[in-house]
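Okay, so here's the structure we're looking at.
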Number of protein chains: 2
Amino acid sequence: MYDTTLRDGSQREGISFSVSDKLKITQRLDVFGIDYIEGGWPGSNPKDIEYFRKVRQYELKHSKISAFGSTRRADVRVQDDLNIRELLATETEVVTIFGKSWDFHVTDAIGTTLTENLNMIRDSVGYLKSLGREVIYDAEHFFDGFHFNPEYAMETIRAAEEAGADIVVLCDTNGGLMPFTLQRVLRQVKTEIGVKLGIHTHDDAGMAVANSIVAAEMGIKQVQGTINGYGERCGNANLCTIIPNLQLKLNMVIIHPDQLEELTCLSRYVAELANLAPQEQQPYVGENAFTHKGGIHVDAVLKHAHTYEHIQPQLVGNNRRILVSELSGKSSVLYKARKKDLDLSKDTPQTKAVLDKVKELEYLGYQFETAEASFELLIWKAFKVHQPLFELLGVRTIVEKRGEYGDIISEATVKVRIGNQEFFTAGEGNGPVNALDQALRKALEQVYPEIKHFQLVDYKVRVLDGKDGTGAKVRVLIETLDERKKRSWGTVGVSSNIIEASWHALVESVEYGLLISNKIKMKELRKAVQQFRTEG
Amino acid sequence: MYDTTLRDGSQREGISFSVSDKLKITQRLDVFGIDYIEGGWPGSNPKDIEYFRKVRQYELKHSKISAFGSTRRADVRVQDDLNIRELLATETEVVTIFGKSWDFHVTDAIGTTLTENLNMIRDSVGYLKSLGREVIYDAEHFFDGFHFNPEYAMETIRAAEEAGADIVVLCDTNGGLMPFTLQRVLRQVKTEIGVKLGIHTHDDAGMAVANSIVAAEMGIKQVQGTINGYGERCGNANLCTIIPNLQLKLNMVIIHPDQLEELTCLSRYVAELANLAPQEQQPYVGENAFTHKGGIHVDAVLKHAHTYEHIQPQLVGNNRRILVSELSGKSSVLYKARKKDLDLSKDTPQTKAVLDKVKELEYLGYQFETAEASFELLIWKAFKVHQPLFELLGVRTIVEKRGEYGDIISEATVKVRIGNQEFFTAGEGNGPVNALDQALRKALEQVYPEIKHFQLVDYKVRVLDGKDGTGAKVRVLIETLDERKKRSWGTVGVSSNIIEASWHALVESVEYGLLISNKIKMKELRKAVQQFRTEG
């Protein structure tokens with residue numbers, strides 16, 4: 001499995017991952033068990049260079065990081081080619097380079113000769129191999145090239161093979177390939193070439209997943225795709241569909257079954273960081289993938305679910321939803337709680353209280369996929385063992401601008417009571433939420449000096465329903481880092497007022513950070529939950 | 001082609017067609033050239049009965065209307081079965097009945113014997129045939145049934161064939177079928193059965209389209225699906241992908257080429273009536289299906305589009321889009337300008353000025369992909385032919401909350417000068433931007449009453465780089481609709497202050513809306529640009 005969410009996936013309109021997003025996704029893909037992660041194209045932008053510099057500091061358990069780029073340019077010595085040098089500078093174990101397979105593109109798009117193109121492929125692959133890299137060769141437009149000039153297309157991949165490429169990937173760059181054409185071409189390629197083959201498809205004809213599966217069934221060794229099928233135009237091959245298809249339908253061993261149960265979570269995590277709404281209709285991981293409409297069939301469905309569902313939803317970490325009877329959620333909450341060392345057994349009234357609260361909040365637009373700190377606080381609160389840090393007396397933000405070219409000022413005041421003491425503080429910032437954050441810190445730092453070590457490292461806003469224009473609800477996600485422990489956590493707030501949503505997430509961010517810094521308090525909390533369970 | 005948008009498609013969560021919607025869609029599908037239209041299930045709801053009563057009054061040019069229902073119930077005479085009688089009452093030329101193929105469902109879900117199920121199929125098909133109807137038999141769960149008990153599954157469709165069914169449709173009701181399984185089963189079925197076969201698939205494994213195409217390639221006569229792939233769970237087979245695949249890739253003649261050019265329109269029309277946002281990533285008909293990102297490749301794409309697109313977008317009535325984004329080069333800006341009737345020829349200094357401005361703003365975080373109105377204003381401004389609507393004297397927003405459980409209030413004041421007049425207005429809302437919008441409208445409406453017709457229909461916030469926490473930059477995208485003309489436009493604002501970013505996008509939204517409402521002004525602007533070009 002070769003993931004290119006961070007490179008080809010980010011070509012999708014509207015996606016713009018920050019370096020920190022990319023690093024987070026890398027870690028998740030590694031834990032999940034993806035074999036190769038294509039991190040970016042260092043030749044195309046400085047953000048990708050920074051990513052490769054930073055990712056070197058991570059010790060990944062499973063994944064190899066790959067840098068993507070093109071073969072050397074025409075009439076340039078490979079050692080002098082800027083793109084090749086930038087690829088080497090990333091110091092990745094794996095390098096993926098793409099070259100032209102279509103005679104027309106060679107002569108017209110890059111304007112060189114067919115022979116020089118073969119040299120470019122040979123030189124680039126050979127040079128990278130000579131420096132000890134694992135080299136994956138992406139044969140761009142391979143199937144279209146093969147259609148118009150099969151001999152030349154074959155020559156290009158033969159050049160890559162001869163130069164020592166570890167894997168040659170056949171790309172359907174324009175996405176118009178049909179499965180039987182793929183079968184025919186692949187059969188011929190396999191008779192002429194011995195190198196390991198891979199497949200890279202796009203979904204312009206709705207065939208990206210099908211073509212990947214057909215190729216895998218025919219013995220291809222590497223499948224390239226993206227989480228949620230993100231990619232330009234109609235998207236890339238969707239790994240969230242391909243992986244379970246291969247594992248559950250073709251009985252291949254791709255991912256550890258425990259990790260396959262994380263698939264739905266992974267899909268939503270990446271959607272969240274991409275700031276895109278999850279696709280409800282998505283196979284396997286979509287919210288509706290195992291939704292049954294109410295009515296006469298519900299009993300039958302519940303009794304014999306396996307005969308109404310093509311797989312068990314739990315295998316991919318998804319849930320069955322029954323629209324009328326609202327049975328959703330229980331197991332995912334229990335699952336999440338267990339991950340936090342909190343074994344809420346299934347039938348206590350306290351579990352029900354947590355579940356009801358989660359349902360109520362999710363209905364309001366909350367989402368706990370990337371806000372695990374808020375979720376954990378929810379459990380403490382449901383068990384009534386957690387006291388808030390302060391009592392809010394009042395909060396105000398003002399944003400003001402005088403004249404067309406006047407500076408804009410943002411101020412906030414916060415008034416809180418901690419114990420018997422009242423604090424009234426003011427903050428300013430480059431926006432109302434920033435000002436609010438400053439004012440809140442000023443107040444709380446006087447009692448809780450650890451707060452100085454908490455940094456807000458990410459702040460995301462998602463509009464939940466655009467229909468009402470600026471009156472729509474927003475969800476704010478905040479990521480906070482404790483710089484001493486390099487530990488970070490996410491919190492969430494929802495409101496039709498962005499200031500209120502941000503305030504909620506800010507307060508929980510501080511609350512949670514203080515809680516986990518305090519080991520004695522944590523022990524007390526865990527014990528209390530334990531006791532509560534036993535008595536309850 | 002057999003369309004079941006009106007029956008199986010309406011099972012999708014959130015879709016609820018009125019009778020009038022259904023009649024409108026029927027007429028569009030008829031003109032488009034769909035062979036069969038499954039109008040509904042008269043046994044399941046009175047709305048469908050009304051639809052069949054009304055649709056009889058239409059004279060369709062091409063399509064046959066079909067009514068859907070089940071075989072007779074167990075141990076009931078077919079003449080007495082309520083469902084069968086309701087099917088006959090629709091007076092449709094075609095009747096589609098489904099029956100059980102899976103032994104387990106026969107014995108456990110409907111609780112009868114395997115023999116009685118065969119009788120139910122035989123009686124129902126035979127009776128409807130004896131009354132002169134064309135009968136389509138849907139073999140529900142056929143592939144799952146075949147997997148567990150191939151002999152019995154074959155017996156059920158043989159019963160339908162022997163009773164005179166015109167077409168037997170093999171259904172992958174649970175949607176988990178893989179193409180090679182389909183091939184294997186279909187090969188066997190074809191050796192044992194002579195009746196015309198059809199295919200009905202669901203997309204739970206992302207294979208609905210692929211399976212339909214594979215079946216068509218193997219000579220199956222009828223493909224069932226829905227417009228936009230609507231359907232429960234992950235959806236049905238998407239006819240908007242299947243039809244162009246069959247016609248343009250397999251060279252089958254399915255639809256008149258003139259009508260194929262209506263496909264994109266049809267897709268969006270049905271989405272509109274279903275009250276669902278069109279899927280931008282959808283193959284062939286999606287807004288992004290032929291979208292190219294700007295940059296160094298745009299020149300090549302424009303010159304040799306056919307080698308970068310799997311089909312010509314015009315064949316399905318779609319358009320090529322060039323996004324103005326990060327790496328944008330000259331030609332993508334020129335292309336966009338030309339679409340707005342602004343022929344900025346390539347080498348004038350004014351073109352360079354526009355380009356430089358675009359680049360500068362993109363560097364600051366602006367993005368014009370979905371903010372075409374802001375892009376157009378940019379051109380007017382670069383040509384110095386556009387005057388702002390008002391002079392800003394001051395603007396202020398206040399968000400305040402008293403006490404832990406107090407209501408949160410959001411207020412804004414706006415002070416502007418228009419001509420010689422000053423306006424000082426206040427607004428309130430459920431958030432600071434909403435309040436700002438109210439205050440701005442109050443001020444401007446006094447001079448520009450058209451603003452009353454502008455509605456903010458979408459408001460999106462994207463945090464550009466999370467590193468600085470709440471001090472990060474945000475990009476605000478606003479979509480505004482002129483309700484009189486059903487025309488909408490997008491504007492953008494960027495700032496580290498969300499209020500300022502929103503303010504910028506709000507102002508441009510109003511500015512652009514007023515500009516395009518004013519035809520004389522527009523003519524003047526176009527003329528001025530023309531003149532500027534000639535002189536420049």
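Model, not experiment: these values are computed from the prediction. In what follows, every chain begins at residue 1, and chains take the letters A, B, ... in the order their sequences are listed.
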key: Residue part contacting chain A, namely of B/Y284, when any heavy atom lies under 4.5 Å   = both

ask   = Given side chains that start at C-beta, do those of A/E232 and B/T291 come closer than 4.5 Å, heavy atoms only?
value = no

inquiry  = Please classify the contact between B/T307 and chain A as side chain, backbone, both or neither, with a heavy-atom cut-off of under 4.5 Å.
reply    = both

message = If you count heavy-atom pairs within less than 4.5 Å of chain B, which of A/L177, A/V209, A/V214 leads?
response = A/V209

query = Does B/W503 have any ring pair (Phe, Tyr, Trp, His ring centres under 6.0 Å) partners at least two apart in sequence or in another chain, and if so, which?
reply = none

key: Closest non-hydrogen atom pair between B/V399 and A/I499, with its separation   = CG2-CG1, 3.7 Å

task = Check whether any side-chain N or O of A/D203 sits under 3.5 Å from a backbone N or O of B/P283 as a donor-acceptor pair, and report yes or no.
result = no

ask   = Nearest 0.5 Å, what's the CD1-CD distance between A/I398 and B/E411?
value = 10.5 Å

task = Please determine, among A/I213, A/I311, A/D21, A/N238, the option with the most heavy-atom pairs under 4.5 Å with chain B.
result = A/I213

request  = Heavy-atom distances under 4.5 Å only: say whether A/H105 touches chain B with side chain, backbone, both or neither.
outcome  = side chain

query = Taking every heavy-atom pair that is under 4.5 Å apart, which of A/E217, A/E391, A/Q282 has the most such pairs with chain B?
reply = A/E217

message = Is A/F390 close to chain B through its backbone or its side chain, or both, or neither, when contacts mean heavy atoms under 4.5 Å?
response = backbone

query = Got a second to check how far A/K473's NZ is from B/N430's CG, nearest 0.5 Å?
reply = 10.5 Å

remark   = Applying a strict 4.5 Å limit to non-hydrogen atoms, the region of B/I242 in contact with chain A is neither

request  = Quick one: pull up CZ in B/F180 and CE in A/M218 and give me the separation to the nearest 0.5 Å.
outcome  = 12.0 Å

inquiry  = As an exercise: rank A/P432, A/P244, A/G231, A/A501 by heavy-atom pairs under 4.5 Å with chain B and give me the winner.
reply    = A/P432

ask   = When rounded to the nearest 0.5 angstrom, what distance separates CE in A/M178 from CG in B/N245?
value = 3.5 Å

Where A/A205 and B/T241 come nearest, the two heavy atoms and their spacing = O-CG2, 3.4 Å

key: Side chain B/E404, main chain A/L392, donor-acceptor under 3.5 Å   = yes

message = If you define the side chain from C-beta out and look only at heavy atoms, does anything of A/I498 sit under 4.5 Å from B/V433?
response = no

message = Given heavy-atom pairs under 4.5 angstrom as the criterion, report whether the side chain, backbone, both or neither of B/E500 touches chain A.
response = both

message = In the structure I gave you, are the side-chain heavy atoms of A/N288 and B/R233 within less than 4.5 Å of one another anywhere?
response = no

query = Is the side chain of B/K249 donor-acceptor paired with the backbone N or O of A/G176 at a distance under 3.5 Å, no angle test?
reply = yes

ask   = Hey, which of B/Q281, B/Q279, B/R402 has the most heavy atom pairs under 4.5 Å with chain A?
value = B/Q281

query = With a 4.5 Å heavy-atom cut-off, do B/H202 and A/H310 have their side chains touching?
reply = no

query = If you count heavy-atom pairs under 4.5 Å between each of B/T413, B/L248, B/L436, B/I408 and chain A, which one has the most?
reply = B/I408

message = If I measure from the heavy atoms of chain B, does A/L273 come under 4.5 Å with its side chain, its backbone, both, or neither?
response = backbone

Within-4.5 Å side-chain heavy-atom neighbours: A/E309 and B/N174 = no

ask   = Hey, which of B/T181, B/L250, B/L481 has the most heavy atom pairs under 4.5 Å with chain A?
value = B/L250

note = If one checks every heavy atom of B/D204 against chain A at 4.5 Å, the contacting part turns out to be both

